[in-house]
Amino acid sequence: MAAFTLAHLSDPHLPPLPAPRLSELMSKRALGYLNWTRNRHKYHRREALDALVGDLKAQTPDHIAVTGDLTNLALRAEFAPAARWLQSVGSPADVTAIPGNHDAYVRATSHCFGEVFADYFRSDAASEAKFPSLRRRGPLALISLSTAVPTPPLFATGRLGRAQLEALQALLEGLAAERLFRVILVHHPLRSKSHIKRLTDAADLIAILRRHGVELILHGHDHVHSTMWVDGPDGRIPAIGVPSASALAHGHHPAAAYNLFAIEPEGNGWRCEQIVRGLDDTMRVVELHRVPLM
């Protein structure tokens with residue numbers, strides 16, 4: 001059996017930013033807009049995003065996961081271009097997308113991601129799109145979570161909430177008897193050094209994973225390459241983060257990159273190799289490294 005290939009990119013922060021109406025800046029967005037116009041527009045570039053996606057599609061993955069922050073300030077005018085971009089990446093059958101904190105930047109538009117992108121995370125054969133969701137692709141069980149909640153100015157925290165955590169536990173219990181490579185998609189990392197960027201109920205999620213386990217966790221948010229390990233019932237679980245898909249290298253943030261995971265059964269377990277591809281100094285996408293995860 002050929003390996004199933006899952007691609008993962010995150011945080012495209014789709015440029016350029018539409019001009020906001022003055023009324024839309026009477027909120028947390030005012031600081032976000034100032035940050036974009038002074039700094040972020042220099043580093044989040046459409047040419048970087050297009051180069052990365054072009055290379056990703058050339059690898060012909062079996063499925064693509066996008067872990068949030070398609071928009072920047074969750075302006076109403078951002079969602080239609082973000083939808084067109086996601087359609088260019090692939091169809092809802094071939095792509096799973098979840099929201100990030102920037103997609104729920106303010107309460108007034110925090111519902112828009114669910115309305116616009118429902119087909120990209122709705123559970124198989126479900127009429128209602130909600131989190132957690134479950135999509136089966138090949139040997140994979142893709143479990144999507146949403147940590148996207150509006151926060152006060154200067155905060156970028158996430159929260160799952162009790163209802164989503166309880167539903168996740170029930171979902172994992174239901175999958176226990178099947179041989180599936182379970183992948184959790186979540187925007188915020190499970191551990192963070194930043195009080196203002198953390199997942200506030202990460203401890204509750206980690207406790208569920210310790211009891212029930214999954215094979216792989218994919219996240220975004222921090223805009224860096226990262227691998228952390230979470231204890232599961234049968235060993236450690238890799239949790240993999242990836243840089244922003246539209247970024248030029250700046251400060252401690254690397255240039256845009258994405259991950260490929262080649263997954264196949266091996267004995268009573270699984271084999272999974274991670275291949276990292278990203279922009280070099282000439283704006284070409286090259287293989288950066290590869291490593292066996294299990």
Applying the side chain to side chain contact (heavy atoms under 4.5 Å, CB included) criterion to Thr147, which one of His188, His219, His221 satisfies it? His188
In this structure, which one of Arg179, Arg182, Arg271, Arg236 forms a salt bridge (charged side-chain N to carboxylate O under 4.0 Å, His left out) with Glu215?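 It is Arg182, the one option of Arg179, Arg182, Arg271, Arg236 that forms the salt bridge (charged side-chain N to carboxylate O under 4.0 Å, His left out) with Glu215.
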I'd like to know if the side chain of Thr71 reaches the main chain of Leu73, judged simply by a donor and an acceptor atom lying under 3.5 Å from each other, with no hydrogens or angles considered. no
Donor-acceptor pair, Arg135 side chain versus Arg122 backbone, under 3.5 Å?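 Present.
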Looking at [X] and [Y], what are the two nearest heavy atoms and their distance?
X: Arg76; Y: Ala108; result: NH2-O, 3.6 Å
X: Ala256; Y: Ala245; result: CB-O, 3.4 Å
X: His63; Y: Thr96; result: NE2-OG1, 2.7 Å

Side-chain contact, heavy-atom cut-off 4.5 Å: [X] with [Y]?
X: Ile240; Y: Phe261; value: yes
X: Asp55; Y: Leu52; value: no
X: Leu6; Y: Val183; value: yes

Look at atom NZ of Lys197 and say whether more than 12 heavy atoms of other residues, nucleotides or ligands are closer to it than 6.0 Å. yes
NZ/NE/NH1/NH2 to OD/OE distance under 4.0 Å, Arg211 and Glu173: no
Between His223 and the options His250, His252, His13, the ring pair (Phe, Tyr, Trp, His ring centres under 6.0 Å) test singles out His13
Hey, does the Lys NZ or Arg CZ of Arg191 hover above the aromatic six-ring of Trp229, less than 6.0 Å from the centre and inside 45° of the axis?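 The answer is no, since Arg191 fails at least one limit relative to Trp229.
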